[in-house]
S.K.: 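If you scroll down you'll find the structure; I have some questions about it.
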Amino acid sequence: MTEEARRAQVVTAAIAVIAEGGYGHASFARIAERAGLSSTGLISYHFANRGELMEQVAARVIGEITEFMGERMAGATGAADALRRYIDGNVAFVETHRAEMKALLEIFLGGAFEYDAGQDRAAKSPVEDILRAGQASGEFRNFDLTVMATMIQRAVDGLPFLLTDDPDFDTRTYAREVITAFDLATRAAS
């Protein structure tokens, strides 16, 4: 097995272990067992420490989100459509990647994922771009971009927390309601 394939195998196993048992229980021993490795030394060979492994788990999930959302956003026909696609795409990713999102949430809550003001701004930037374009085209009313983008981003980021408490939570209803709420909140007067 190539080094890249082995690293991917360990990251995949780490996601599963974290999603099932939580960040605090994601030991190298459990991850090695899940990956079918003969020893934890194979993990240590590929990752300097647990922190590096957790960074790679987070990087993979964030990369998957970025790729997924790029596909979802392609072909948007105006700002309102782009905003709908953005919200629905984020919800759809959470729906179809529950283990990955649970692992990312666990890593974040466990303090192993640094999230600072710059990263928060970067997360909101695509939303701000959509909102800015909508205001410029007249599709959206005049509102504070930072406030609206923050509310939208928090709405989509909040879904994994809801699913932690209620795994059967109706994500499609959530998507429809959030889309409707922000369609009404942003729409220009007729």
Side-chain angles (χ1 to χ4, degrees), residues 1-74 85-116 118-127 152-172 174-175 178:
M1 183 175 275
T2 68
E3 184 171 332
E4 185 177 315
R6 178 69 76 197
R7 286 175 63 88
Q9 176 189 19
V10 171
V11 168
T12 299
I15 289 169
V17 169
I18 296 165
E20 291 168 4
Y23 170 74
H25 293 97
S27 66
F28 273 15
R30 284 191 170 120
I31 295 167
E33 180 181 352
R34 180 62 179 244
L37 303 176
S38 58
S39 79
T40 60
L42 289 170
I43 297 174
S44 298
Y45 176 78
H46 294 284
F47 300 93
N49 53 43
R50 187 171 189 248
E52 182 186 353
L53 175 55
M54 295 305 128
E55 286 174 14
Q56 289 303 306
V57 168
R60 178 193 286 179
V61 176
I62 291 167
E64 289 174 358
I65 293 167
T66 302
E67 182 179 339
F68 185 90
M69 289 303 296
E71 293 169 5
R72 282 304 192 103
M73 297 301 295
R85 286 172 182 247
Y86 182 84
I87 293 168
D88 190 62
N90 274 280
V91 172
F93 185 86
V94 173
E95 286 172 335
T96 58
H97 296 79
R98 288 186 183 219
E100 291 88 344
M101 291 306 296
K102 176 126 169 83
L104 186 61
L105 180 61
E106 286 284 329
I107 291 168
F108 175 74
L109 294 175
F113 179 64
E114 297 294 324
Y115 191 78
D116 60 24
Q119 290 164 307
D120 191 53
R121 278 191 301 278
K124 289 186 309 206
S125 180
V127 181
I152 293 166
Q153 194 61 46
R154 295 302 180 263
V156 297
D157 289 346
L159 183 56
F161 290 94
L162 290 170
L163 291 171
T164 296
D165 288 337
D166 181 4
D168 297 324
F169 184 78
D170 185 352
T171 55
R172 286 293 84 210
Y174 186 81
V178 172

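Everything quoted here is computed from the prediction, not taken from an experiment. Throughout, residue positions are numbered sequentially from 1 according to the sequence presented.
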S.K.: Can you tell me how far the CE atom of Met69 sits from the CZ atom of Phe93, to the nearest 0.5 Å?
M.R.: 10.0 Å
S.K.: Which atom pair, heavy atoms only, marks the closest approach of Ile18 to Ala103?
M.R.: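 Result for this residue pair: CG2-CA, 3.6 Å.
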S.K.: What closest approach, in Å, do Arg98 and Phe169 show between heavy atoms, and which atom pair accounts for it?
M.R.: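 Reported closest heavy-atom pair: NH2-O, 4.3 Å.
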S.K.: Less than 4.5 Å apart, side chain to side chain, heavy atoms only: is that true for Val178 and Val91?
M.R.: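 Val178 does not reach Val91 side chain to side chain.
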S.K.: Just one of Val61, Leu104, Ile107, Ile31 clears the side-chain contact (heavy atoms from CB on, under 4.5 Å) bar with Ile15, so which one?
M.R.: Val61
S.K.: Do you know which two heavy atoms are closest between Arg85 and Arg72, and how far apart they sit?
M.R.: NH1-O, 3.1 Å
S.K.: For the atom pair OG1 (Thr96) and CD (Glu64), what is the distance rounded to the nearest 0.5 Å?
M.R.: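 These two atoms lie 9.5 Å from each other.
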S.K.: Determine the minimum heavy-atom distance between Gly89 and Phe68, stating which atoms define it.
M.R.: O-CE2, 3.2 Å
S.K.: May I ask you to test the Tyr45-Arg6 pair for a side-chain heavy-atom distance under 4.5 Å?
M.R.: no
S.K.: Quick check on Glu52: does its CD atom have over 12 non-hydrogen neighbours (other residues, nucleotides or ligands) under 6.0 Å away?
M.R.: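 Atom CD in Glu52 is packed in, count exceeds 12.
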S.K.: Can you name the nearest heavy-atom pair linking Met101 to Pro160, along with the distance?
M.R.: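 Taking Met101 first and Pro160 second, the nearest heavy atoms are CE-CG, 3.8 Å.
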S.K.: Determine the sole option in Thr40, Val10, Val17, Leu37 for which the side-chain contact (heavy atoms from CB on, under 4.5 Å) test with Phe28 is passed.
M.R.: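 With Phe28 as partner, side-chain contact (heavy atoms from CB on, under 4.5 Å) holds for just one option, Thr40.
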S.K.: Please confirm whether the backbone N or O of Ala16 pairs with a side-chain atom of Arg34, one donor and one acceptor, at under 3.5 Å?
M.R.: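 No; zero donor-acceptor contacts below 3.5 Å.
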S.K.: Contact between Phe47 and Glu55 at the side-chain level, heavy atoms closer than 4.5 Å - yes or no?
M.R.: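 No; the side chains remain at least 4.5 Å from each other.
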S.K.: What is the minimum heavy-atom distance between Ala5 and Thr2, and which atoms define it?
M.R.: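 In terms of heavy atoms, the two residues are closest at N-OG1, 3.0 Å.
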S.K.: Donor-acceptor pair, Arg50 side chain versus Ala26 backbone, under 3.5 Å?
M.R.: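 Pair found, side chain donor or acceptor close to backbone of Ala26.
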S.K.: So does Glu106 pair up with Lys102, basic N to acidic O under 4.0 Å?
M.R.: yes
S.K.: Under 3.5 Å, is there a donor-acceptor pair linking the side chains of Glu95 and Tyr174?
M.R.: no
S.K.: Could you tell me if the side chain of Arg60 sits less than 4.5 Å from the side chain of Thr12, heavy atoms only?
M.R.: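 Side chain of Thr12 against side chain of Arg60, heavy atoms only: contact under 4.5 Å found.
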S.K.: Check Leu159, Val94, Leu162 against Thr171 for a side-chain contact (heavy atoms from CB on, under 4.5 Å) and give me the one that passes.
M.R.: Leu159
S.K.: Please lay out, stage by stage, how Asp88 and Arg172 fare under the test side-chain contact (heavy atoms from CB on, under 4.5 Å).
M.R.: CA-CA 9 Å; Asp88 190 62; Arg172 286 293 84 210; 2.6 Å; yes
